[in-house]
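One-based numbering, in listed order, for ligands and for the atoms of each.
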Amino acid sequence: MIKAIKGFNDILPEQAAKWLRLEAVLANVLARYGYEHIRLPIVEQTDLFARAIGGATDIVEKEMYSFADKSEPPTPLTLRPEGTAGAVRAVIEHNLLRGDAPKLWYIGPMFRYERPQKGRYRQFHQLGVESFGSTLPDADAELIAMTYLMWQELGLKDEMRLQLNSLGEIDERHAYRDALVTYLTDKQEQLDEDSKRRLTTNPLRILDSKEASTQALLKDAPKLAEFLGDDSIAHFEQVKAYLDELGIHYEINPHLVRGLDYYNKTVFEWVTDKLGSQATVCAGGRYDGLIGQLKSMGSDKPAKSEPGVGFAMGLERLLLLIEAVAPFDEIVACDVFVAAHPDVYSAGVRFAQNLRYDRADLRIKMASATSLKAQMKKADKSGAALTVIIAQQELDEQTISIKNMQTGEQQTVDQKWLSNKENFAI
Ligand code: ATP
Ligand code: MG
């Protein structure tokens, strides 16, 4: 038998019901902040990601699913490993930045070639948010406040810790990078292999190395905060002031650098202690240079940028956390089961159809026209609170029999009894 590809998961009905519930909670919070939904392609040109995310990042170096299509010459394409690059491409392509810049959200699968383990898959799902048009710190704080409300709505507020850092502007970061490289070059023999390689490709990533020996070396290294300019410092202070105002606690993590090159100024992560080493549930930051960088692709002239700030949350990790600490109430697919004797089955179909019309709040299920006994067995398994039974006698008397599935109690009532919400609510 052919099986699913490693790291690509089926989401089976019991689990998928939880996905729908989670997505509804998140979409509701986004709507309350006035964010608009956008749907974007899953495949983009490889160059878009190489350019936006950065050539020396883990994603572009080793995690992308890239292929050539059948056009002549073939176009290099990639399954999206994240959503920001595509969202930025779309807003530039469709001129959405003119006038009132949009605040957008999207949801869907992302693809990275990683070693599958709990909370880490090759196809996984993100909810992403991008807020365009403001250089001001209130935009950063709004995104954080919105995620905080999501945690509150999901009962996860006490499980999440907010980590913050400022990466400053590009020139500040470059000055810091040079100082860090100078400091570490003498000591490179003591670095782990990955960090040694990063010393020439992406030195800032050394800061988030998980190796204890590397972290020990970094204790006396120059600090990024010492290289920030006045504007970066003021911006960061204001973000923190907004969070203080809102009562949202945060920890400053000077080693938080994020794995993507497009960030400047504020970066943040929501982390939990409940998911082992897959601890980051949601991560984001500001990217004021990305739009200009993508606009100028294929030309030597720099283009005017527009500010942006965004985040992405990993929905598999979020669901693992929900299951561990605040599981959803049991989700059943059926409230009312309609069972009809095979001789009068069409009357049962008509009854169920009318009831679905009268009671849009109920989930009403039938089984096929087998024996009443077989249908009652299915009713037992359906999770329904109530089963309606229709046989010749009910039809003649224009009644229905109803069975309370909890108590087993059965009675005969008027045909229209269920159409009245006061008689039966869930
Ligand atoms: P990590 O350090 O765990 O690899 P990342 O920095 O690569 O994460 P981002 O690119 O910031 O992750 O993606 C945002 C979020 O998407 C992560 O915080 C995580 O919740 C989720 N995520 C990223 N990669 C995966 C994956 N392979 N499987 C499941 N979820 C993922
Ligand atoms: Mg990663």
Side-chain angles (χ1 to χ4, degrees), residues 4-9 11 15 19 22 26 49-50 52-54 56-65 78-88 105-130 143-144 147 150-151 154 156 159-165 167 194-195 198 202 204-211 253 255-263 266-287 290 308-324:
I5 309 162
K6 188 173 170 196
F8 289 67
N9 299 317
I11 300 171
Q15 200 60 20
W19 281 77
L22 171 62
L26 300 174
F49 300 117
I53 300 169
T57 58
D58 282 353
I59 294 179
V60 174
E61 271 184 345
K62 52 190 187 198
E63 295 174 359
M64 293 206 304
Y65 278 90
T78 293
L79 300 184
R80 62 180 186 193
E82 57 99 54
T84 302
V88 167
W105 69 276
Y106 48 83
I107 196 165
M110 306 291 160
F111 303 85
R112 297 185 194 177
Y113 188 79
E114 299 197 71
R115 194 170 66 77
Q117 54 199 287
K118 189 178 169 199
R120 192 178 293 286
Y121 314 98
R122 291 178 175 176
Q123 174 175 332
F124 63 99
H125 298 77
Q126 285 183 342
L127 173 97
V129 174
E130 316 293 348
L143 290 189
I144 294 171
T147 48
M150 290 171 175
W151 312 146
L154 292 166
L156 300 177
E159 309 301 332
M160 297 283 203
R161 286 184 290 116
L162 174 62
Q163 303 211 325
L164 281 187
N165 193 19
L167 299 181
D194 265 348
S195 297
R198 285 182 171 140
N202 196 349
L204 256 57
R205 285 305 303 278
I206 297 173
L207 296 182
D208 74 356
S209 163
K210 307 240 161 28
E211 293 294 326
N253 176 356
H255 288 177
L256 183 66
V257 291
R258 312 284 302 111
L260 305 87
D261 277 356
Y262 48 64
Y263 291 113
T266 319
V267 289
F268 67 91
E269 290 193 1
W270 285 99
V271 299
T272 172
D273 300 328
K274 299 273 163 37
L275 295 180
S277 52
Q278 272 55 256
T280 306
V281 176
C282 174
R286 179 165 277 284
Y287 50 82
L290 181 60
V309 53
F311 67 77
M313 62 178 68
L315 298 180
E316 282 84 357
R317 290 187 195 175
L318 190 51
L319 273 165
L320 284 168
L321 184 62
I322 288 170
E323 242 146 79

Should one rank T280, L320, L275 by closest heavy-atom distance to atom 17 (C) of ligand 1, which comes out on top?
T280

min-distance protein heavy atom vs atom 27 (N) of ligand 1 -> E114 OE2, 2.7 Å

Any idea which atoms of ligand 1 are less than 4.0 Å away from a heavy-atom of Q126?
13 (O), 14 (C), 15 (C), 16 (O)

Rounded to the nearest 0.5 angstrom, the CD-OG1 distance for Q126 and T84 is 8.0 Å

closest protein heavy atom to atom 8 (O) of ligand 1 is R317 NH1, 4.5 Å

Any chance you could measure T272, atom OG1, to R317, atom CZ, to the nearest 0.5 Å?
11.0 Å

Near V281 (heavy-atom distance under 4.0 Å), the atoms of ligand 1 are 18 (O), 20 (O)

Just so I know, are the side chains of E159 and V281 near enough to count as touching, which here means a heavy-atom distance under 4.5 Å?
no

Could you check which of H125, Q278, E63, R120 puts a non-hydrogen atom nearest to atom 4 (O) of ligand 1?
R120

Write out the residue and atom name of the closest protein heavy atom to atom 6 (O) of ligand 1, then the distance separating them to 0.1 Å.
R258 NH1, 3.5 Å

Approximate separation, where rounding is to 0.5 Å, of N165 CG and H255 NE2:
9.0 Å

Ranked by distance from atom 28 (N) of ligand 1, the top protein heavy atom is Y121 N, 3.0 Å

Atoms in ligand 1 with a heavy atom of R112 nearer than 4.0 Å:
5 (P), 7 (O), 9 (P), 10 (O), 12 (O), 13 (O), 23 (C), 24 (N)

To the nearest 0.5 Å, what is the distance between CD (E82) and CZ (F124)?
9.0 Å

Atom pair CD (E130) and CG (L143), whose distance is rounded to the nearest 0.5 Å
8.5 Å

Starting from atom 26 (C) of ligand 1, locate the nearest protein heavy atom and write down its residue, its atom name and how far away it is, to 0.1 Å.
F124 CD2, 3.5 Å

Tell me whether E316 has any N or O atom under 3.5 angstrom from an N or O of ligand 1.
no

For Y113, does the OH atom sit with more than 12 other heavy atoms under 6.0 Å from it, leaving out its own atoms?
no

Quick one: does E82 get a heavy atom under 4.0 Å from ligand 1?
no

From L320 CG over to L315 CG, what is the distance, rounded to the nearest 0.5 angstrom?
11.0 Å

Heavy-atom proximity to atom 29 (C) of ligand 1, best of G314, S277, C282, G119:
G119

Charged N to carboxylate O under 4.0 angstrom, R112 versus D58?
no

